[in-house]
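Each remark here refers to the structure printed beneath this line.
Remember, it's 1-based here, ligands and their atoms both numbered in the order they're listed.
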Amino acid sequence: MADHTNGSVQRRNNGEDSDIHDNGDTSDSVVKDNNSTHSPGQSFSTQPVKRFVNQTLVPITLLLLMPNFVMVIWYTIVHCHGSYLKMVSVLFEKSVFSGLVHIWSLTRSPSPVIIGSLVLYCAYALAMMKLLPGKTVYGPMTPKGNIPEYKDNGFLFFVMTIGMFWAFVLLLRPFGISPSIYYDKMDEICVTLNTFSLVFCAFLYLKGKLAPSTTDSGSSGNIIFDYYWGMELYPRIFGFDVKVFTNCRFGLIIWALMVCIHAVKSYELHGFVDSMFVSALLQIVYLAKFYWWEAGYLSTIDIMVDRAGFYICWGCLALVPVLYTSVTCYLVTHPVRLGLAVSAAMIFIGLLSIYTNYEADAQKQKVRKTNGDCLIWGKTPDIIRAKYQLENGGIKDSILLASGWWGMSRHFHYIPEIMLALMWTLPALFENLMPYSYVIILTIILTHRSSRDEEKCSSKYGHFWRQYCNKVPYRIIPNLF
Ligand SMILES: NC(=O)C1=CN([C@@H]2O[C@H](COP(=O)(O)OP(=O)(O)OC[C@H]3O[C@@H](n4cnc5c(N)ncnc54)[C@H](OP(=O)(O)O)[C@@H]3O)[C@@H](O)[C@H]2O)C=CC1
Ligand SMILES: CC(C)CCC[C@@H](C)[C@H]1CC[C@H]2C3=CC=C4C[C@@H](O)CC[C@]4(C)[C@H]3CC[C@]12C
C-alpha cells in the first residue's frame, strides 16, 4: 500500500461526505484510493503466494465448506440432538466425504409447500420493495462516481411482515394450521436455499460479465474469485437492487420469521418457555433496530465495498436463515426454565447492547450530517476533518469522529454486537457448543471485518486515518486490542 504522507493523493468515495471540490484544494494532503475495481480488504496483492491464497485458496475452501456447513447445522440440531460431538463422530466414521454424503442423503427433496412458500415470499417482498412508500435515500458515491438510489421502506416492510405473521398464526390456529411445518421441513428449506442461492450467484456472475447494470463492475481475471466475490457492486434486475433484496428483504426477514416459527413450535411442544422468549425477543428487537437504521446500512462496507457474489448473496440467502437462527432452532428441543431474575438480567443486558450498538452507528452519522456541529455525550465532538480523492480526481471532505464510542476504540460497537449475540445464546446454557456457533462465527466475521475496514480506511484517508489511529490506538477492545 502506498505511503500517503507528503501531500500524496488517495481516492475514494463516501455517503454523507460533503461536496466534491476542485482538485486545486491541496492545502492538506489528500489520499487516493487505488481499489476501484475490487474492494479494499480484498485488494490484489502483488505477491503471487498471497494472491493465490486470497483469491483462489480461501474462496475455494469457503465455496466447498460453507454450503455443507449449513447442512451440518441442520443435521446436528435434528439428528444429533444439538451435539457437535455426535455429528463429528458420524462425519469422521469413514471419511469426511462419505459423512457429508450421508448427511445430504438424509434430506428430503424440497416439497411444493416449501418451493411455493419461498417463491410466494420472494414475489411479495419484491412487490413491497416497489409498492410500500418510503423516502428516497442515496447511497455513497461509488468509485466510478455513481450514486445509487434506494427507497427507505424497510422498517415498514418489517413491521408489516412480522405483524401479518402473528395475525395469521392467531387466525389460523383454530383451523389447526400452524407455521411450525416450516420447522419440521427445515431440511427441505436448507436444500432449497443452498441450491437456489448457488445458482443465483452463477447467474449474478454471468450477468456481471455480459450485462452489468452500472460501470461499478469488473473482473479480477480469476473466475473462482469472481464467483465468490462478485462482479458488480450494485446489480439491478428489472430495477430491483439485488443486494437490498438478498440482505434486507430476504436474509434478515427470513431470520425474523424463522425465530417466530421456532417460538410457535416451542409453544406447541412445551407451552411458554422463558429461554425461548428471551432469545426470540432480543433477536426481534435487534432486527427491528436494523430496519429502523436501514438507510445507515446502505453506507456500510457490505453495500459500498463488497460486490454481489457468493460471499454476500449466498451468505444472506442461505447462511443467515440457518446459522443466524440456530439458537432458537436448538431451543425448540432444549427448553430451559431460566426464572424471572435471570431472564430479566439477560433481556436488560441485551437491550443495553442493542442501544449501545445503535448509538455508536448513530453518533457516526450525526457528526457527519451536522458537519461536526453537534454534541456527543454532551460535549463538542473531537473530530478529524479528512480529505480523500475520487477516481475522477475530485476531492472530498469527510469527518472521522474520535470521541463518544468512536473514541473508546475504532470499532468499539462490535463489542455490544457480540455481547448481544451472547445474551440471546446464553439461554441455551452449556450442554452443547452448537448454539454458540453464531457467536463464534460472528466474532470471526467482525474481527476480519475490522481489519478489512482498517485497510479500506487507511487506503482512503491515508495520514488522516493514521492521525485517528494515534488518537484512538485500539482497534476493538480498549487497552487490549
Ligand atoms: N450480525 C452480523 O453478522 C454483523 C453485524 N454488523 C453490524 O452492522 C453495523 C454496521 O457495520 P460496520 O462494520 O460498522 O459498518 P461499516 O463497515 O461501514 O463501518 C465502518 C465505516 O465507518 C466509517 N468510519 C470508520 N471510523 C469512523 C469514525 N471514527 N468516524 C466516522 N466514520 C467512521 C468508515 O467509512 P467511510 O468510508 O464512510 O469513512 C468505515 O469504513 C454495526 O452495527 C455492526 O455491529 C456488522 C457485521 C456483521
Ligand atoms: C460466505 C461467508 C464465508 C460469510 C458470509 C457473511 C455474510 C453473510 C455476513 C457478512 C457481514 C454480515 C452482516 C453485516 C451487517 C449486518 C447489519 C446487522 O445489523 C444485521 C446483520 C447484517 C446485515 C449482517 C448479515 C450477514 C453478513 C452480510
Side-chain angles (χ1 to χ4, degrees), residues 12-17 33 40-41 58-59 61-63 65-67 69-70 140-141 197 201 228-229 243 246-248 251-252 255 283 286-287 289-294 296-306 309-321 323-324 353-354 356-368 376 381-384 386 388 396 398-407 409-418 420-421 438-439 441-450 452-461 464-465 468-469 471-472:
R12 243 307 185 144
N13 62 83
N14 194 20
E16 289 157 35
D17 312 334
D33 170 35
V58 171
T61 309
L62 290 174
L63 285 169
L65 205 74
M66 297 309 290
F69 177 59
V70 161
M141 185 183 281
S197 42
C201 292
Y228 167 79
W229 190 243
K243 283 205 282 185
T246 56
N247 297 25
C248 308
L252 266 62
W255 173 1
Q283 294 183 56
Y286 171 76
L287 289 166
K289 180 231 70 167
F290 170 83
Y291 284 102
W292 186 254
W293 162 85
E294 192 190 47
Y297 179 64
L298 301 173
S299 299
T300 65
I301 55 175
D302 295 354
I303 304 295
M304 67 194 209
V305 174
D306 297 348
F310 174 86
Y311 180 83
I312 277 286
C313 295
W314 177 87
C316 286
L317 293 171
L319 187 67
V320 170
L323 172 70
Y324 283 49
S353 304
I354 295 178
T356 309
N357 176 267
Y358 172 78
E359 202 200 16
D361 285 326
Q363 283 182 348
K364 183 175 77 171
Q365 280 176 296
K366 183 174 167 189
V367 84
R368 287 186 172 177
I376 296 292
D382 184 1
I383 56 174
I384 295 165
Y388 63 93
K396 290 194 87 188
S398 188
I399 289 177
L400 294 171
L401 174 61
S403 58
W405 294 114
W406 299 85
S409 68
R410 300 194 295 277
H411 301 273
F412 183 84
H413 61 313
Y414 290 168
I415 297 176
E417 180 86 38
I418 294 168
L420 167 66
Y438 171 66
V439 193
I441 291 174
L442 176 70
T443 308
I444 296 169
I445 286 179
L446 292 179
T447 311
H448 176 238
R449 187 177 175 99
S450 71
R452 285 177 59 208
D453 194 52
E454 296 272 314
E455 200 185 314
K456 173 211 144 184
C457 290
S458 165
S459 158
K460 175 175 176 177
Y461 296 118
F464 296 108
W465 185 254
Y468 175 48
C469 293
K471 274 189 184 216
V472 184

Under 4.0 Å, heavy atoms only, figure out whether ligand 1 is touched by the backbone of [X], its side chain, both or neither.
| X | answer |
| --- | --- |
| D302 | neither |
| Y438 | side chain |
| T300 | both |
| R449 | side chain |
| P140 | neither |
| V472 | neither |
| Y286 | side chain |
| V367 | neither |
| R368 | side chain |

Does ligand 1 have any atom that is closer than 4.0 Å to a heavy atom of Y297? no

In this structure, does ligand 1 have an atom that sits under 4.0 Å from one of the heavy atoms of M304? yes

Ligand 2 atoms in contact with [X] (distance to a heavy atom under 4.0 Å):
| X | value |
| --- | --- |
| V320 | 26 (C) |
| R449 | 11 (C), 14 (C) |
| F290 | 17 (C), 18 (C), 19 (O), 20 (C) |
| I312 | 28 (C) |
| G315 | 8 (C) |

Residues Y461 and S398: side-chain donor-acceptor under 3.5 angstrom: yes

Mark up the atoms of ligand 1 that fall under 4.0 Å of a heavy atom belonging to [X], in ascending order.
| X | result |
| --- | --- |
| D453 | 20 (C), 21 (C), 40 (C), 41 (O) |
| D361 | 9 (C), 42 (C), 43 (O) |
| C457 | 34 (C), 40 (C), 41 (O) |

Any heavy atom of N247 under 4.0 Å from ligand 2? The part involved is neither

Can you find an N/O atom of [X] closer than 3.5 Å to an N/O atom of ligand 1?
| X | answer |
| --- | --- |
| W293 | no |
| Y461 | yes |
| I301 | yes |
| R410 | no |
| W465 | no |
| K460 | yes |

What is the distance from atom [atom1] of [X] to atom [atom2] of [Y], rounded to the nearest 0.5 Å?
| X | Y | atom1 | atom2 | value |
| --- | --- | --- | --- | --- |
| I312 | C201 | CD1 | SG | 10.5 Å |
| Q365 | W293 | CD | CH2 | 7.5 Å |
| S299 | R368 | OG | CZ | 8.5 Å |

Lys/Arg N to Asp/Glu carboxylate O, D302 vs R449, below 4.0 Å: yes

With respect to Y324, determine whether any N or O atom, backbone or side chain, lies less than 3.5 Å from an N or O atom of ligand 2. no

How about R410 and Y468: do any of their side-chain heavy atoms sit closer than 4.5 Å? yes

Which residue from L401, I303, I383, L400 reaches closest to atom 29 (N) of ligand 1 through any of its heavy atoms? L401

